[in-house]
Amino acid sequence: MNTVKRFPDAIAYDFLGYTSTYRRFAGEIDRCADALASLGLKKGDRVTISMPTSPQGVICFYAVNKLGAVASMIHPLSPPKEIEFYLNISKSRFALTIDAFYGNFKRVMANTECETLILARIPDYLGLVKRIGFNLTKGRKIPKVGKDPRVVWWKEMMAGSYPHVEEAAIDPDETAVILYSGGTTGVPKGIMLSNYNFISEGMMVSYWGGLSHNDKILAILPIFHGFGLGVCVNAAFMGGGTSVLVPTFTPE
């Protein structure tokens, strides 16, 4: 919030040409937090975020933190059995993913504590021309999502009206996020990082890099990755720079 006060009209993120100022970004985080609280999310709950590097995943990460809940960040291409493992090890009651991966979550949710699945779409934050182009190409290949009482659509959720929720009282040493090891010698391990971890990391990186509202970081690394979330996103925002969100890496 200090960055919002210092640079309210600076660009916080750029997603394939769609931009949001820090003032608008703060409003999106507040709206998401209010919506999640209305859905029943409370302090100490876990939310699995299974997203490419996109506005929805970033907004949700900070909204979850505002409520004092914990974000569990996983690879969006995880197969069903891995999703089941991550949901259970984190004890997530909520999950966020994109519509293309609905089927993977549907297959395993009954075996977990996950009650609510929030579905986003890549075109949610695309301009008109790119939105039409996506829907005519990749969008046509995504299976339709049938009626499911567990599903909440991101765009509808963010358009709703909810009671305002104040920021939760959070201790610096409380867990903010769970990231996962590669599991090269066994199953992945959940790595719990505190609020203090993220604040100190963001302050140090933004200071060492001399980041300001005139700078941009190309966020190629994914948000389920420590460097992607900690440096390309969090440190950029703490320094007041622009995080250029890249959902799929290509050399071009």
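Quick note: residue numbers are just sequence positions, from 1.
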What's the separation between atom CD1 in Ile98 and atom CE in Met51, rounded to the nearest 0.5 Å?
6.0 Å
Verify the neighbour count for atom CE of Met158: are there more than 12 heavy atoms of other residues, nucleotides or ligands below 6.0 Å?
yes
Is atom NZ of Lys189 surrounded by more than 12 heavy atoms (other residues, nucleotides or ligands) closer than 6.0 Å?
yes
Side chains of Met192 and Ile178, heavy atoms from C-beta outward: is any pair under 4.5 Å?
yes
Beyond-backbone contact of Leu36 with Ile118, side-chain heavy atoms, under 4.5 angstrom:
yes
Check whether more than 12 heavy atoms from other residues, nucleotides or ligands sit under 6.0 Å from atom CZ of Arg6, and answer yes or no.
yes
Measuring from Lys144:NZ to Tyr102:OH, what's the distance to the nearest 0.5 Å?
14.0 Å
Taken to the nearest 0.5 Å, the spacing of Leu245 CG from Leu218 CG works out to 9.5 Å
Residue pair Val231, Glu201: steps toward the side-chain contact (heavy atoms from CB on, under 4.5 Å) verdict
CA-CA 8 Å; Val231 176; Glu201 177 273 340; 3.4 Å; yes
Could you go step by step and tell me if Val233 and Phe61 meet the side-chain contact (heavy atoms from CB on, under 4.5 Å) rule?
CA-CA 11 Å; Val233 172; Phe61 169 71; 5.9 Å; no
Side chain proximity check, Asp9 to Arg23, heavy atoms < 4.5 angstrom:
yes
Same cluster (ILVMFWY, side-chain, under 4.5 Å), Leu16 and Trp154:
yes
Taking atom types as modelled, is there a side-chain donor on Thr48 or Ser50 under 3.5 Å from an acceptor on the other?
no
Crowded around Met204 CE? As in, over 12 foreign heavy atoms under 6.0 Å?
yes
For residues Ile223 and Met73, report the shortest heavy-atom separation together with the two atoms involved.
O-CE, 3.6 Å
Could you verify whether a donor N or O on one side chain and an acceptor N or O on the other, from Tyr162 and Asp30, lie under 3.5 Å apart?
no
Rounding to 0.5 Å, atoms CD1 (Ile170) and NZ (Lys66) come to a distance of 10.5 Å
Among the clusters formed by ILVMFWY side chains lying less than 4.5 Å apart, do Leu39 and Ile29 turn up in the same one?
yes
Search all heavy atoms of Asn104 against all heavy atoms of Ser78 and return the closest pair with its distance.
ND2-O, 3.7 Å
Measuring only between side-chain heavy atoms, which start at C-beta, is Asp99 closer than 4.5 Å to Trp153?
yes
Can you confirm whether Phe94 sits close enough to Val64 that some side-chain heavy atom of one is under 4.5 Å from a side-chain heavy atom of the other?
no
Kindly compute the distance separating CG (Asn234) from CD1 (Ile199), expressed to the nearest 0.5 Å.
8.5 Å
Would a distance-only check, ignoring hydrogens and angles, find a side-chain to backbone donor-acceptor pair under 3.5 Å from Arg24 to Thr19?
yes
Going by heavy atoms in the side chains, are Thr97 and Leu119 under 4.5 Å from each other?
yes
Report the residue from Phe224, Tyr180, Phe105 that forms a ring-ring contact (aromatic ring centres under 6.0 Å, His included) with Tyr86.
Tyr180
Give me the atom names and distance for the closest heavy-atom approach of Pro52 to Ile122.
CG-CD1, 4.2 Å
Should Val108 and Leu117 be regarded as members of a common hydrophobic cluster, given that ILVMFWY residues are connected when their side-chain heavy atoms come within less than 4.5 Å of each other, either directly or indirectly?
yes
Separation between CG of Asp45 and OG of Ser90, rounded to the nearest 0.5 Å:
11.0 Å
Return yes if some donor-acceptor pair links the side-chain N/O of Thr242 with the main-chain N/O of Ile11 below 3.5 Å, else return no.
yes
Got a salt bridge between Arg93 and Glu115, using NZ or NE/NH1/NH2 to carboxylate O under 4.0 Å?
yes
Minimum heavy-atom distance between Asn195 and Ala176, given as atom pair plus value
OD1-CB, 3.6 Å
Do Arg31 and Glu28 sit within salt-bridge range, that is, some charged N less than 4.0 Å from a carboxylate O?
no
Are Val244 and Ile220 connected, step by step, through hydrophobic side chains (Ile, Leu, Val, Met, Phe, Trp, Tyr) whose heavy atoms are closer than 4.5 Å?
yes
Is any side-chain heavy atom of Leu77 less than 4.5 Å from a side-chain heavy atom of Phe101?
yes
Between Tyr13 and Phe25, what is the ring plane arrangement, given parallel below 30°, perpendicular above 60°, and tilted in between?
perpendicular
Verify ring pair (Phe, Tyr, Trp, His ring centres under 6.0 Å) between Tyr22 and Phe7, making sure each step is shown before the conclusion.
CA-CA 7 Å; Tyr22 274 97; Phe7 309 116; 7.3 Å; no
Are any of the side-chain heavy atoms of Val246 and Thr53 separated by less than 4.5 Å?
no
Given the rule in the side-chain contact (heavy atoms from CB on, under 4.5 Å) test, do Gln56 and Cys32 qualify, once you have shown the distances and angles that lead to the verdict?
CA-CA 9 Å; Gln56 301 98 320; Cys32 184; over 6 Å; no
Using the side-chain contact (heavy atoms from CB on, under 4.5 Å) definition, which of the options Leu211, Thr3, Val58 pairs with Phe237?
Val58
Examine Val151 and Met157 and state if one hydrophobic cluster contains both, with Ile, Leu, Val, Met, Phe, Trp and Tyr joined whenever side-chain heavy atoms are less than 4.5 Å apart.
no
Do other residues, nucleotides or ligands put more than 12 heavy atoms under 6.0 Å from Lys43 NZ?
yes
Minimum heavy-atom distance Ile74-Ile83, with the two atoms named:
CD1-CG1, 4.5 Å
Tell me the closest heavy-atom pair linking Ile49 and Ala71, and the distance in Å.
CD1-CB, 4.0 Å
Ser194 vs Asn197, test: side-chain contact (heavy atoms from CB on, under 4.5 Å). Steps then yes/no.
CA-CA 5 Å; Ser194 69; Asn197 288 148; 3.2 Å; yes
